[in-house]
Amino acid sequence: MAAALQTLGGGIGITLHWIAFTPTIEQQATEEQKKKWLKLAQDVAIVGAYAQTEMGHGTFVRGLETTATYDPSTQEFVINSPTLTSTKWWPGGLGKTANHATVMAQLYTRGKCYGPHNFMVQIRSLENHQPCPGVTLGDIGPKMESNGNDNGFARFDHVRIPRENMLMKFARVEADGTYVQPPSSKLAYSNMVYLRGTFVMSAAQALASATTIAVRYSCVRRQSEMKPGEPEPQILEYQTQQYKLFPQLAAAYAFWFASWFMTQQHGSITGSMEKGDMSGLAELHALSAGLKSYTTAVTARGIDVCRMACGGHGYSHASGLPALFGGAAALCTAEGENTVMMLQTARYLVKCFAQSQAGKRLTGTVAYLSAVQPSPVAGNRNMSDLGTLVAAFQHRAARMVRHAAMQMQGEMQKGKAREDAWNSCSVLLIKAAEAHVHSFVVRNFAETVQTVEVDESVRAVLTSLCQLYSLYGITEHAGDFLKDGYLTGRDIDAASSHLSAMLARVRPDAVALVDAFDLHDKILRSVLGRYDGRVYEHLYEWAKKSPLNKSEVHESYYKYLQPFLKSNRAKL
Ligand SMILES: CCCCCCCCCCCCCCCCCC(=O)SCCNC(=O)CCNC(=O)[C@H](O)C(C)(C)COP(=O)(O)OP(=O)(O)OC[C@H]1O[C@@H](n2cnc3c(N)ncnc32)[C@H](O)[C@@H]1OP(=O)(O)O
Ligand SMILES: Cc1cc2nc3c(=O)[nH]c(=O)nc-3n(C[C@H](O)[C@H](O)[C@H](O)COP(=O)(O)OP(=O)(O)OC[C@H]3O[C@@H](n4cnc5c(N)ncnc54)[C@H](O)[C@@H]3O)c2cc1C
């Protein structure tokens, strides 16, 4: 339904209705409010947008300018866009599709501001879809990709909504205007945490799609001569092609398993929060922010590697890869811009490091921070052993977190304010947080391949893939591992040769590994990645459908080229 609507109109999109608007009602509305709106949303009797970002603020939620001022005399909130930069800007579906929106606005009651809260606002008539009184709506114009979605803008001119339209599961405003505090001010952000978690699976699926396309095409495409006189080989026989594609394939599996963990964590921690136990919220936020940032960034880069590995046809929309790249690029910005999200994870790591320094035993995804010895124990390591590889990634992350935190402490000891010390160490902090997330992904991948219930022959293939992913990470970031002597140059050489062996070992299973994603041609939308491998015939059919081929001589010849040619010939 959603997909049909999204493709049908070519200018409407209800993706955000499903992934942001409806979950916001589920997570932030009271039981009373759910009775009023949740079924309407689930049955698509109303269509919603998640209207938080403004023209002037997306990252800094506390800086949003839209206001919701409580009027006790009428028991209403007045929603207003006081400045141009307060215009809601970017929300998917806001331009032309949605007739409702959850609007994030600064809550004012009794003259005091209580920060950003979510409000349900009807924005279009259910009769004729015209904007409601006081509401100005529109589309923000063409984007890099996803132009089937009407990311829109909205302005509110003192629009009045009933008090009951404030989503009041956590915070409340009583009829007389009294504000009732939530258990944590960050619960208003809970749907962002949820959505970031889902981005990990979106990234895995996007990278799975791209590697399916590129691996299948690399078995169809024959090019050049590996040995003089021999037939042109499949391009997947070239080690360089394997080095491009197999680490991306391994990352797709790694992120798929990481999303399983994320979903399980989100479920159990929000379950405890329902019972009032907020203790897991900080870890959930740090994990979802870091994983979202890491997996979407690696995925966007990985899709472009797959695109380049398909040569000219990869650059054609026939391949499906440019659209995939555009979508994945959006995931790096939307739902929390990647740098800002990784800094949130860094903030949590610095806090945990300080706690471990004070003697607290750390648990969860940061437990390794207190377990890892600062002084490296150099020596010939077995670089094909998963336990050795996981330990190397954890040592690297612990060292980088310690280094960034100590650097910051040093800046503060020199008299810098905490915020200035933070800013002047933020590049180190980002790298440390990335190393932390990378070590989590490796550990989770290793634990999953060792415990998942599969046939032993399948486990062997997944283990090779996990080794490949880890060895690729070590060779790509060798400096981090060499820095304190934890790994030696010999270890790095051993890692490189094991990596080459893994490329050769994965090659025979490469097609089976992408087929296992079970992505139908209709989902892949790629001539190069077709299950039947009949690329060339369908590439020709695809090209013939180009609008430019509707006429043999295009009208532009008569309008521009013909007079231009004539005048140039006349000058000869
Ligand atoms: C085949 C598949 C193909 C797939 C590919 C194709 C896909 C195509 C689709 C195209 C894209 C689709 C778009 C999807 C939807 C996008 C929707 C949006 O963007 S919606 C808009 C998305 N917009 C955004 O995401 C906005 C991003 N910005 C933010 O979230 C916040 O402003 C902030 C977190 C950056 C700062 O917040 P601030 O209030 O300034 O807080 P401070 O920093 O001062 O930290 C103070 C304390 O609070 C703590 N804490 C913070 N947050 C949380 C939390 N959530 N929870 C718990 N705790 C939290 C923090 O740790 C700290 O703790 P402590 O250290 O003191 O103990
Ligand atoms: C395809 C797409 C769909 C979207 N859908 C929605 C939607 O449905 N609803 C919605 O509300 N929003 C939506 N958004 C908006 C999105 O959430 C914001 O664009 C995103 O949160 C980034 O905020 P920003 O645009 O203000 O970027 P900015 O924060 O202005 O980022 C610009 C630069 O500033 C840097 N920066 C900002 N703050 C810091 C900091 N503290 N430290 C270091 N560097 C910093 C960033 O790293 C970045 O390099 C969508 C965006 C896209 C691209």
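The structure presented is a predicted model; accordingly, all values stated were derived computationally and were not measured. Each ligand, and each atom within it, is numbered from 1 in the order the structure gives.
- The nearest non-hydrogen atom to atom 7 (C) of ligand 2, considering only Ala329, Cys332, Pro91, comes from Pro91.
- With hydrogens and angles ignored, the 3.5 Å screen pairs a side-chain donor or acceptor of Ser319 with a backbone N or O of Gly314.
- If you check which protein heavy atom lies closest to atom 14 (N) of ligand 2, you get Trp90 CB, 3.6 Å.
- For the pair Val340 and ligand 2, the shortest N or O to N or O distance does not fall below 3.5 Å.
- Between Glu274 and Lys169, at least one side-chain N (NZ, or NE/NH1/NH2) sits under 4.0 Å from a carboxylate O, which counts as a salt bridge.
- Considering backbone and side-chain N/O of Gln52, one or more are found under 3.5 Å from N/O of ligand 1.
- Both the backbone and the side chain of Ala334 come within 4.0 Å of ligand 1, judged by heavy-atom distances.
- Annotation: Arg62 places an N or O atom under 3.5 Å from an N or O atom of ligand 1; distance criterion only.
- At a heavy-atom cutoff of 4.0 Å, ligand 1 is contacted by the side chain of Leu16 but not by its backbone.
- Distance check: Arg402 CZ to Gln407 CD gives 13.5 Å after rounding to the nearest 0.5 Å.
- One option in Cys332, Ala282, Ala330, Gly115 has a heavy atom closer to atom 10 (C) of ligand 1 than any other, and that option is Ala330.
- The ligand atoms of ligand 1 that sit less than 4.0 angstrom from a heavy atom of Thr59 are 26 (C), 27 (C), 28 (N), 29 (C), 31 (C), 32 (O).
- Salt bridge Arg530/Asp532: present, at least one basic N to carboxylate O contact under 4.0 Å.
- Looking only at atom types and distance, the side chain of His117 has a donor-acceptor partner in the side chain of Tyr179 under 3.5 Å away.
- The aromatic rings of His100 and Phe21 lie tilted to each other, with the angle between the two planes from 30° to 60°.
- Given atom 18 (C) of ligand 2, the protein heavy atom at minimum distance is Thr53 OG1, 4.0 Å.
- Ion pair Asp304/Arg307 flagged as a salt bridge, since at least one NZ, NE, NH1 or NH2 atom sits closer than 4.0 Å to an Asp/Glu carboxylate oxygen.
- Taking a cut-off of under 4.0 Å to the non-hydrogen atoms of Thr339, the atoms of ligand 2 that pass are 47 (O).
- Between Glu434 and Lys431 there is no salt bridge, since no side-chain nitrogen of the basic residue lies less than 4.0 Å from a carboxylate oxygen of the acidic one.
- The aromatic rings of Tyr469 and His438 sit perpendicular to each other, their planes meeting at more than 60°, with 30° as the lower class boundary.
- For atom 34 (O) of ligand 2, the nearest protein heavy atom is 4.0 Å or more away.
- For Ile523, the CD1 atom is loosely surrounded, since the number of other residues' heavy atoms within 6.0 Å does not exceed 12.
- Between the CG atom in Asn99 and the SG atom in Cys132 there is a gap of 8.5 Å [rounded to 0.5 Å].
- Not a single heavy atom of Ser146 sits closer than 4.0 Å to an atom of ligand 2.
- The residue among Gly320, Gly327, Gly63 with a heavy atom at the shortest distance from atom 6 (C) of ligand 1 is Gly327.
- The shortest N/O to N/O separation between Ala330 and ligand 2 does not fall below 3.5 Å.
- Ligand 1 lies within reach of Tyr50, whose nearest heavy atom is under 4.0 Å from it.
- Using a 4.0 Å cut-off between heavy atoms, Val61 contacts ligand 1 through both its backbone and its side chain.
- Look at Phe199 and you'll find a heavy atom under 4.0 Å from some atom of ligand 1.
- Side chains of Ser190 and Gln28: a donor-acceptor N/O pair is present below 3.5 angstrom, by distance only.
- Nearest-residue assignment for atom 30 (O) of ligand 1 (options Met201, Arg196, His285, Met278; heavy-atom criterion): Arg196.
- Distance check for atom 30 (O) of ligand 2: every protein heavy atom is found at 4.0 Å or beyond.
- Between Trp89 and ligand 2, no N or O atom pair is found at a separation short of 3.5 Å.
- More than 12 non-hydrogen atoms from other residues, nucleotides or ligands lie less than 6.0 angstrom from NE2 of His129.
- Of the possible donor and acceptor atoms, none in the side chain of Asn338 sits under 3.5 Å from a partner among the backbone N and O of Thr296.
- Taking the six-membered ring for Trp and thresholds of 30 and 60 degrees, Tyr217 and His313 have ring planes more than 60 degrees apart, a perpendicular arrangement.
- Distances from atom 27 (O) of ligand 2 to the heavy atoms of Thr59, Ile430, Leu343, Ile19 put Thr59 nearest.
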Distance-only donor-acceptor hits, side chain of residues 358-366, under 3.5 Å, sequence neighbours excluded:
residue: Thr365; atom: OG1; partner: Glu283; partner atom: OE1; Å: 3.4
residue: Thr365; atom: OG1; partner: Glu283; partner atom: OE2; Å: 2.7

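- When Thr15, Leu331, Leu187, Leu281 are checked for heavy-atom proximity to atom 12 (C) of ligand 1, Leu331 turns out nearest.
- Taking only nitrogen or oxygen atoms, main chain and side chain alike, Arg347 reaches within less than 3.5 Å of ligand 1.
- Among the atoms of Gln52, some N or O lies under 3.5 angstrom from an N or O of ligand 2.
- Under the 4.0 angstrom criterion, atom 41 (N) of ligand 2 counts as lacking any protein heavy-atom contact.
- Within ligand 2, the atoms closer than 4.0 Å to a non-hydrogen atom of Gly92 are 7 (C), 8 (O), numbered from 1 in the order shown.
- Under the 4.0 Å distance rule, the nearest protein heavy atom to atom 11 (O) of ligand 2 falls inside the cut-off.
- Both the backbone and the side chain of Glu335 come within 4.0 Å of ligand 1, counting heavy atoms alone.
- Under 4.0 Å from ligand 1, not a single heavy atom of Glu337 appears.
- Looking at Thr69 and Asn80, their side chains never bring a donor and an acceptor atom within 3.5 Å of each other.
- At least one heavy atom of Gly58 sits less than 4.0 Å from an atom of ligand 1.
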